Amino acid sequence: MKKLINDPQRVVPESLRGFGLAHPEHVVVHEDPLFVSRAGGAVKGKVGLVSGGGSGHEPLHAGYVGAGMLDAAVPGAMFTSPTPEPILEATKAADGGAGVLHIVKNYTGDVLNFETAAELAEAEDITVKAVVVNDDVAVEDSLYTAGRRGVAGTVLVEKIAGAAAERGDDLDAVVAVAEKVIKNVRSMGVALTACTVPHAGKPSFDLADDEIEIGIGIHGEPGRHKIAMAGADEITERLLEPVLEDLKIGSGEKVLLFVNGMGGTPLSELYLVYNHAHDVLAGKGLEVTRSLVGNYITSLEMQGASITVLRLDEELTQLWDAPVNTPALRRGV
Amino acid sequence: MKKLINDPQRVVPESLRGFGLAHPEHVVVHEDPLFVSRAGGAVKGKVGLVSGGGSGHEPLHAGYVGAGMLDAAVPGAMFTSPTPEPILEATKAADGGAGVLHIVKNYTGDVLNFETAAELAEAEDITVKAVVVNDDVAVEDSLYTAGRRGVAGTVLVEKIAGAAAERGDDLDAVVAVAEKVIKNVRSMGVALTACTVPHAGKPSFDLADDEIEIGIGIHGEPGRHKIAMAGADEITERLLEPVLEDLKIGSGEKVLLFVNGMGGTPLSELYLVYNHAHDVLAGKGLEVTRSLVGNYITSLEMQGASITVLRLDEELTQLWDAPVNTPALRRGV
Amino acid sequence: MSAATLGTAWALDWIARATKVVSENRIELIELDRAIGDGDHGENMDRGFTAVAAKLAGAEPASPGEVLKTVATTLMSTVGGAAGPLYGTAFLRAAKGADGDLDAAGVATMLEAALEGIRARGKADTGEKTMVDAWTPAAVAAREAAEAGAGAVQAIRAAADAAVEGSEATIPMIATKGRASYLGERSAGHRDPGAQSSALLLVAAAEAAEAAGAGA
Amino acid sequence: MSAATLGTAWALDWIARATKVVSENRIELIELDRAIGDGDHGENMDRGFTAVAAKLAGAEPASPGEVLKTVATTLMSTVGGAAGPLYGTAFLRAAKGADGDLDAAGVATMLEAALEGIRARGKADTGEKTMVDAWTPAAVAAREAAEAGAGAVQAIRAAADAAVEGSEATIPMIATKGRASYLGERSAGHRDPGAQSSALLLVAAAEAAEAAGAGA
Ligand SMILES: Nc1ncnc2c1ncn2[C@@H]1O[C@H](COP(=O)(O)OP(=O)(O)O)[C@@H](O)[C@H]1O
Ligand SMILES: Nc1ncnc2c1ncn2[C@@H]1O[C@H](COP(=O)(O)OP(=O)(O)O)[C@@H](O)[C@H]1O
Ligand SMILES: [Mg+2]
Ligand SMILES: [Mg+2]
Ligand SMILES: [Mg+2]
Ligand SMILES: [Mg+2]
């Protein structure tokens, strides 16, 4: 394991301290408990947005704190959901009096810790609602299981719900927008290599030189199955097909196409995947009207990518286009 | 070698096609010869900015085409300077009647091919001037050698010279601004792993599990020396010291601190490096007034980072802050 | 010996042993979680119990319940992940009925309360390849031992043995809850890390009881 | 045989052989460049000569100079990197004096012109670990052979042999020009890829000459 770190136990706080020093105009990094809030504090009268989860997915979530997106983010230990206390403090910091939305990725740990924090916040008279993102079609959904994971779709939920809050929607309306995104977004990912969590010191799974993992999540967990290494076009199709099928999307609809890197894949390869994904969508009569390509939700240095499709309507398109001013996503400001 | 590609020979054009499809509001990708120009074409009366070089450093240069930065970019084959013809075509596409600036990284191939293209452009009555970026302090400078490489400082030259052109500076004035950046910017990099050029199919150098390469460039070339793996703080100091020494910078001065990822290093590690670099600079009485952290000029999937320091004055700070609207760098629009 | 009850000293010794055994098995728990999860369970538990030990170092708790409550709040505020809230709730519920020394029935009640806490939070049933598969047989065994007239030490030992078996029994299961569920059928053939850490904790409880019994 | 001159057929055969030898040595040139450069020299040269072969396939050049001019412009527009402009200029200058068949003095003049082109563009001198270290002894050897009364075939063979030696001689050198210069002293112990491709090209020229001579 070679990493640009000092002590494996101090990666998260040292990195966040640097993040705070690099972006004083966007964020304040609180050290104990550890969370990140907007510079300038909560916006009076605006619904506050809080997200969080294990670290190792940078720039998610702290990179999305700022005008038009999150009000606070709670980074846990590496790949480990944060505890209720920092979530509570982040919730307080995000509360401008109009209530707070928790954007939670669907993992048992995230759900449980955010639930507890919400209870604690309610006890302090803050109205909290939560939405749970579960866009990963690699995992079969069922009433009887933990359900689908939340993966790259989370970035789109944060951006679009953030824009809704910024335009003045009340808490229920922001929840409705977030739910609409969740209902219309699906993702699937592939890993060419595993990643190494600093405290583990070993790759998260073993993969031969001629194998790839299809259906991986964002925690270095193994995927649904290994397949033989294939060309980018073929891999793209294998990711895209279940996404489109699950979305039940048809000719004539408009979509946002998001090709996300897992952290260790060159941008050129992401664009190469985008190239073919765009053609596949066009071939099915879908219109790609918005795009996002880059490392927006990662698994440390894992090589791989995920493809996310969001069905767009007029409202979601407008909210996607709305100004946003965060360290990792910026437009219009 | 595992890569999200199809045919190793088609990586550059396929990736650029995807890039064009993803950013139609920013760029037009021309296929034969291969170059990228601003959507909307040359800006009348504005000095045109053209840069280019081998591919594999994405988002450099095509990602910086757009208002406030480049007018055209010329991606060569992987790690190979482009030939004069696409540079000439890019120069024509960038020419708004006020002359064109070539921003050239100091590599024999880049310099020679841009020189020839400039001659050809002059023959077509376009005034061309060139600046050569050579910020890499890992390479000893001398009248008798090829001199220093151009590395991460190039991004800052492109941004700041782009802002000067956008505010209406004439060609000589834009050259002067670019030269001022070049004079005041220094960089040095480290590799934890090599990278693999698709056509070579093998890592660009061999490195044991407990070794790192200090003083690498951006082409997967070996560095000045191998050292034993060390902690991030120590590595940061080893990169920063020669940079500061060469800049002859002293207490009380203002700087922009740029921590750049080589493509395969998690963002969290870049911020961790930034954290210590910031402290070292503060400890020397320098004031870090601007920052940039991320994968802005890369070597495919190489793990590693570089540190760049730019001495700022009022003018450079203003030009750095000026709006920019490109696929890879955006602010104020 | 079979009539001995388990008091505050036992609870403190339990947690001291638990801290040690979690630290010793940190890598093993990471490896188990690496296979079917995200490789942090050993790290999480070790971080939590290290904090628990620090918290208990200065404290002078008056009952087993007070010890367990400190464990609960500390785990909840330091472990995170799925295990943090689940173990936190387990110890919190366990603490509730343990304001005095525990006889065999008290041990059974404590374990049942812990199990109910886990099930309430995690919504998992047996056979889903989670820590529930260790705590369920443990609670059942303790109750059976108590009803058969065993003492507290025997009850906790029966629970520990059942938890070890329960952990073992997760190996062939296909996970439907927790992170391992994402693997579907590929989760079979691996032991559940949370069931294993649960077994380690309950064995520590039994050993503390036996050591006290032996010394008594 | 020593009186034979080298004409258009020879030039075409030279380039056909060069294309082949470059393709056969693509990996070797990549490996040499990987050690002290960026690992693309074999790829660059192969791309260039493949294009040259395609360009010459339909053409009916009237002189060696016309062949070499096509080589020059094609390399310049397809190779890129440092080698593209350098070889482009070399072949362009070589073409200039080669509008008729070449005797030994003509061969020497052609090689001197090529060398001057490389030096003018690259600003490198001998001993800097570049292709100049192959072309310089080649040009000198051809001139000496011509002055000693050798024929064209012998002159080009002398040049080829000298280039091979020149390439070999780059191994211990410390690079001060080109990409290998960034390595400083670490560049010593490796052969320069451009010097090696130059030697391959000149050996192809000699073999083409000998094959023609043998057949003549
Ligand atoms: N819904 C659940 N009910 C009971 N136990 C669960 C549930 N989900 C997960 N677990 C337990 O938690 C363990 C994983 O803990 P840990 O690795 O610390 O958290 P995370 O899964 O968030 O990384 C699993 O091995 C399992 O025993
Ligand atoms: N200034 C120079 N003068 C002469 N030859 C040079 C010079 N710089 C580089 N070369 C030659 O070019 C070769 C490298 O070519 P190539 O790998 O294709 O280009 P690049 O260095 O741009 O990747 C070197 O091995 C060397 O022989
Ligand atoms: Mg976890
Ligand atoms: Mg090159
Ligand atoms: Mg885990
Ligand atoms: Mg090269």
Side-chain angles (χ1 to χ4, degrees), chain A residues 1-7 11-12 14-19 21-23 55-56 58-59 63 190 192-193 209-210 212 229 231-233 235-236 257 259 263-278 288 291-293 295 298 300-301 303-305 327-328 330-333, chain B residues 1-7 11-12 14-19 21-23 55-56 58-59 63 190 192-193 209-210 212 229 231-233 235 257 259 263-278 288 291-295 298 300-301 303-305 327-328 330-333:
Chain A
M1 177 187 71
K2 279 200 262 186
K3 290 180 177 292
L4 276 173
I5 62 173
N6 298 301
D7 176 357
V11 173
V12 174
E14 285 181 11
S15 169
L16 278 167
R17 184 170 177 276
F19 176 74
L21 287 169
H23 304 291
S55 291
E58 291 69 25
V190 62
L192 275 59
T193 64
D209 270 358
D210 54 357
I212 57 179
M229 183 64 202
D233 287 356
I235 295 172
T236 300
L257 173 58
V259 175
T265 285
L267 195 53
S268 51
E269 296 178 24
L270 302 181
Y271 279 115
L272 198 146
V273 168
Y274 185 92
N275 180 46
H276 191 61
H278 185 281
V288 181
S291 70
L292 188 65
V293 184
N295 291 283
T298 60
L300 295 168
E301 77 287 1
Q303 284 181 32
R330 190 162 175 172
R331 108 163 37 113
V333 257
Chain B
M1 176 187 72
K2 278 199 261 186
K3 291 181 176 292
L4 276 173
I5 62 172
N6 298 301
D7 175 358
V11 173
V12 173
E14 286 182 9
S15 169
L16 277 167
R17 184 171 177 275
F19 176 74
L21 288 169
H23 304 291
S55 290
E58 291 70 29
V190 63
L192 276 59
T193 63
D209 270 358
D210 55 356
I212 58 179
M229 183 64 203
D233 287 356
I235 294 172
L257 173 58
V259 176
T265 285
L267 195 54
S268 51
E269 295 178 23
L270 302 181
Y271 279 115
L272 198 146
V273 167
Y274 185 92
N275 180 46
H276 190 61
H278 185 282
V288 181
S291 70
L292 188 66
V293 184
N295 291 284
T298 60
L300 295 168
E301 78 286 1
Q303 283 181 35
R330 190 162 175 172
R331 113 163 34 115
V333 255

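Chain letters run A, B, ... following the sequence lines, proteins first and then strands; every chain starts at 1. All of these numbers come straight from a predicted model, not from anything done at the bench.
B/S291 and A/A22 make their closest contact through OG-O, 2.6 Å (heavy atoms, listed as atom of the first residue, atom of the second, distance). In terms of heavy-atom proximity, B/L300 sits nearest to A/P266 at C-CG, 3.7 Å. For the pair B/S268 and A/S15, the tightest heavy-atom approach, listed with the atom from each and the gap, is O-OG, 2.9 Å. Heavy-atom minimum distance, A/M229 versus B/K3: CE-O, 3.1 Å.
Residue B/I235 touches chain A through its side chain alone, counting heavy-atom pairs closer than 4.5 Å. When heavy atoms are compared at a cutoff of 4.5 Å, B/T298 does not approach chain A at all. Looking at A/V333, only its backbone comes within 4.5 Å of chain B, counting heavy atoms on both sides. For a residue to count as touching a neighbouring chain, one of its non-hydrogen atoms must lie under 4.5 Å from one of that chain's; by this rule A/Q303 touches chain B with the side chain only.
A heavy-atom distance below 4.5 Å is found between the side chains of A/L192 and B/L4. With contacts defined as side-chain heavy-atom distances shorter than 4.5 Å, the pair A/E269/B/I5 qualifies.
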Mind running ring pair (Phe, Tyr, Trp, His ring centres under 6.0 Å) on B/Y274 and A/H23 for me, showing each step along the way?
-> CA-CA 11 Å; B/Y274 185 92; A/H23 304 291; 7.8 Å; no

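With respect to chain B, the highest number of heavy-atom pairs below 4.5 Å among A/V293, A/V273, A/D209 belongs to A/D209. Note: A/G332 leads A/G263, A/G332, A/G231 in heavy-atom pairs under 4.5 Å with chain B. For the options B/G18, B/A305, B/G264, heavy-atom pairs under 4.5 Å to chain A are most numerous at B/G18. By number of non-hydrogen pairs under 4.5 angstrom with chain B, the leading residue of A/E58, A/R17, A/H276 is A/R17.
Judged purely by atom type and a 3.5 angstrom limit, A/N6 uses its side chain to pair as donor or acceptor with the backbone of B/D233.
With rounding to the nearest 0.5 Å, the separation of CZ in B/R330 from CZ in A/R330 is 10.5 Å.
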